[in-house]
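Below is one structure, written out as structure tokens; the observations come after it.
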Amino acid sequence: MAQDKDKQVTKEQVLAEIRAFNHARDWEQFHTPENLAKSISIEAGELLECFQWDANFDRQALTEEMADVYAYLLMLADRIGVDLDAAALAKYEKNKAKYPVEKAKGNSAKYDELY
């Protein structure tokens with residue numbers, strides 16, 4: 001999926017590409033929710049590896065690991081029928097209640113430790 005730098009790629013385009021890639025290889029059979037969740041964790045570890053020894057990072061390597069995490073997350077959401085955008089917005093509504101600005105601003109404490 002070649003992309004013009006001036007065109008915005010949509011999540012739907014990415015998901016269509018992922019579906020086609022996996023279908024052509026008959027890999028859907030391996031993409032159980034459990035396996036996809038494991039893959040997200042594995043790829044997240046590889047993302048963290050980009051910072052293993054210090055805060056410096058290779059932008060290309062980091063970008064590729066981010067893409068792997070995103071792809072597996074999209075596949076998991078697709079597999080179980082979750083609208084990730086709606087879920088993210090709903091979660092942030094919950095977070096607003098757990099972390100009110102007047103208590104949480106500039107504070108990294110967990111919600112149950114805010115006073």
Side-chain angles (χ1 to χ4, degrees):
M1 179 165 122
Q3 188 58 38
D4 180 352
K5 285 188 175 194
D6 294 333
K7 277 188 125 180
Q8 189 72 19
V9 178
T10 68
K11 181 178 70 173
E12 290 74 21
Q13 289 172 305
V14 174
L15 190 52
E17 187 72 19
I18 290 169
R19 285 175 180 154
F21 179 90
N22 291 330
H23 183 74
R25 289 155 182 81
D26 192 27
W27 284 355
E28 298 98 335
Q29 63 182 314
F30 306 116
H31 294 160
T32 64
E34 177 186 10
N35 286 346
L36 293 168
K38 289 175 189 176
S39 296
I40 292 166
S41 182
I42 291 164
E43 293 298 339
E46 291 179 12
L47 177 69
L48 188 55
E49 192 174 30
C50 294
F51 301 99
Q52 185 170 6
W53 303 115
D54 57 38
N56 296 319
F57 61 91
D58 177 296
R59 184 176 176 85
Q60 183 62 34
L62 182 62
T63 299
E64 290 179 8
E65 295 306 336
M66 290 168 54
D68 287 340
V69 171
Y70 182 63
Y72 278 117
L73 190 57
L74 281 178
M75 285 190 283
L76 178 57
D78 187 47
R79 180 66 151 199
I80 66 171
V82 169
D83 178 336
L84 266 180
D85 295 323
L89 291 177
K91 179 64 178 176
Y92 267 86
E93 285 304 313
K94 281 184 158 182
N95 287 346
K96 286 178 188 177
K98 286 169 58 174
Y99 295 94
V101 173
E102 59 277 1
K103 290 183 178 181
K105 188 169 186 170
N107 189 339
S108 64
K110 191 171 176 186
Y111 69 93
D112 59 354
E113 297 174 354
L114 293 173
Y115 301 105

Identify all side-chain donor-acceptor contacts of residues 86-99 below 3.5 Å with residues at least two apart in sequence or on another chain.
| residue | atom | partner | partner atom | Å |
| --- | --- | --- | --- | --- |
| E93 | OE2 | K96 | NZ | 2.9 |
| Y99 | OH | Y111 | N | 3.3 |

Legend entry - Atom CZ of R59 with >12 non-hydrogen neighbours under 6.0 angstrom: no
Legend entry - Qualifying ring-ring contact (aromatic ring centres under 6.0 Å, His included) pairs with a residue from residues 35-56, counting only residues at least two apart or across chains: F51-F57
Inset, instruction - Would you kindly confirm whether F30 and L15 end up in one hydrophobic cluster when ILVMFWY residues are joined by side chain heavy atoms under 4.5 Å apart? - result: no
Inset, instruction - Indicate the atoms forming the closest heavy-atom contact of E46 with E65, along with that distance. - result: OE1-OE1, 3.1 Å
Legend entry - N22 side chain to I18 backbone, donor-acceptor under 3.5 Å: yes
Inset, instruction - May I ask whether M75 and V9 are part of the same hydrophobic cluster, defined by side-chain heavy atoms of I, L, V, M, F, W, Y residues being less than 4.5 angstrom apart, directly or through others? - result: yes
Legend entry - With sequence neighbours excluded, residues passing ring pair (Phe, Tyr, Trp, His ring centres under 6.0 Å) with Y70: none
Inset, instruction - Determine the minimum heavy-atom distance between A44 and V69, stating which atoms define it. - result: N-CG2, 3.7 Å
Legend entry - E12 CD to L74 CG distance, which is reported to the nearest 0.5 Å: 9.5 Å
Inset, instruction - Find out if a path of hydrophobic residues (ILVMFWY) with successive side-chain heavy-atom gaps under 4.5 Å connects L84 to I80. - result: yes
Legend entry - Pairwise distance CG(L114) to NZ(K103) - rounded to 0.5 angstrom: 7.0 Å
Legend entry - Point-to-point distance, once rounded to the nearest 0.5 Å, from CG of N35 to CD1 of I42: 9.0 Å
Legend entry - Flag for Q13-E17: side-chain donor and acceptor within less than 3.5 Å: no
Legend entry - By salt bridge (charged side-chain N to carboxylate O under 4.0 Å, His left out) - contacts of R79 (at least two apart): none
Inset, instruction - Examine V82 and L73 and state if one hydrophobic cluster contains both, with Ile, Leu, Val, Met, Phe, Trp and Tyr joined whenever side-chain heavy atoms are less than 4.5 Å apart. - result: yes
Legend entry - For the student: nearest non-hydrogen atoms of D83 and D85, plus distance: OD1-N, 3.1 Å
Legend entry - By side chain to side chain donor-acceptor pair (under 3.5 Å) - contacts of E49 (at least two apart): none
Inset, instruction - Taking salt bridge (charged side-chain N to carboxylate O under 4.0 Å, His left out) as the test, write out the residues that go with D58, two or more places apart. - result: none
